[in-house]
Amino acid sequence: MMNSADKLLEIYERLKRLKQNGVKMKDIASTIEWSPSVLSGLYATVLPAFAELYAGGMNFDEALDEAIYKVNNISRKKLLGDIDTIYDFLTETRQVHRVSERKYLF
């Protein structure tokens with residue numbers, strides 16, 4: 001079973017791949033029931049900062065707190081409460097494929 005740090009890092013990598021393939025954050029956000037601005041903040045600010053701090057040797061709690069401190073619309077409680085849902089969605093190939101295909105519908 002993956003720990004929370006590994007899940008956050010995997011979420012970041014999968015979001016990067018989706019963005020590179022043209023998938024919009026609003027499409028992913030609607031599926032996981034997050035606001036697009038919150039998911040964008042997570043992707044653009046929190047996850048890169050967390051990855052850098054954690055890779056630099058900071059422990060999970062300190063790295064996450066420091067990364068979340070940089071944005072005002074994401075709480076630690078919300079992120080950790082939804083981490084399994086986000087991770088499960090992004091690692092479920094069929095779900096992600098459906099969201100990827102939606103970009104062509106707009």
**Report entry** salt bridge (charged side-chain N to carboxylate O under 4.0 Å, His left out) involving Lys78 - partner list, sequence neighbours excluded
**Finding:**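 For Lys78, the residues satisfying salt bridge (charged side-chain N to carboxylate O under 4.0 Å, His left out) (neighbours in sequence not counted) are Asp82.
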Sub-3.5 Å donor-acceptor pair from the side chain of [X] to the main-chain atoms of [Y], do we have one?
X	Y	answer
Asn3	Ala5	yes
Ser30	Asp27	yes
Asp6	Met2	no

Query raised in the report: Is there a path from Leu53 to Val46 through hydrophobic residues (I, L, V, M, F, W, Y) whose side chains come within less than 4.5 Å of each other?
Result: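 Leu53 does not cluster with Val46.
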Query raised in the report: Hey, quick one: are Leu9 and Met58 part of the same hydrophobic cluster, counting side-chain heavy atoms closer than 4.5 Å, chains of contacts allowed?
Result: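 They do not share one cluster, since no chain of ILVMFWY contacts under 4.5 Å joins Leu9 to Met58.
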Heavy-atom side-chain contact between [X] and [Y] under 4.5 Å:
X	Y	answer
Ile83	Ile11	yes
Ile74	Val71	yes
Trp34	Leu79	yes
Lys16	Tyr43	yes
Lys7	Glu10	no
Leu64	Leu80	yes

Query - Those residues that, when tested against Ser37, pass side-chain contact (heavy atoms from CB on, under 4.5 Å) (two or more places apart) - result: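 Checked Ser37 against side-chain contact (heavy atoms from CB on, under 4.5 Å); matches are Ser35, Asn73.
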Report task. Rounded to the nearest 0.5 Å, what's the gap from CE on Met25 to CG on Leu42? Could you check? Result ->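 So the CE of Met25 and the CG of Leu42 are separated by 8.5 Å.
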Query raised in the report: How far does CD1 of Ile28 sit from CD1 of Ile86, to the nearest 0.5 angstrom?
Result: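 Atom-to-atom, Ile28:CD1 and Ile86:CD1 are 10.5 Å apart.
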Query raised in the report: Are any of the side-chain nitrogens in Asp61 or Arg76 under 4.0 Å away from the carboxylate oxygens of its partner?
Result: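 Answer for the salt bridge query: yes.
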Query raised in the report: Would the number of heavy atoms belonging to other residues, nucleotides or ligands and lying under 6.0 Å from CD of Glu62 be above 12?
Result: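 Counting other residues, nucleotides and ligands, CD of Glu62 exceeds 12 neighbours.
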Requested in this report: Answer with yes or no after comparing the ring centroid distance for Phe50 and Phe60 against a 6.0 Å cut-off, counting only values under it.
Outcome: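 Distance test on ring centres: under 6.0 Å, yes.
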Query raised in the report: Checking side chain to side chain contact (heavy atoms under 4.5 Å, CB included) against Leu90, which of Leu15, Ile32, Thr85, Thr31 comes through?
Result: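 Of all the options given, the one that passes is Leu15.
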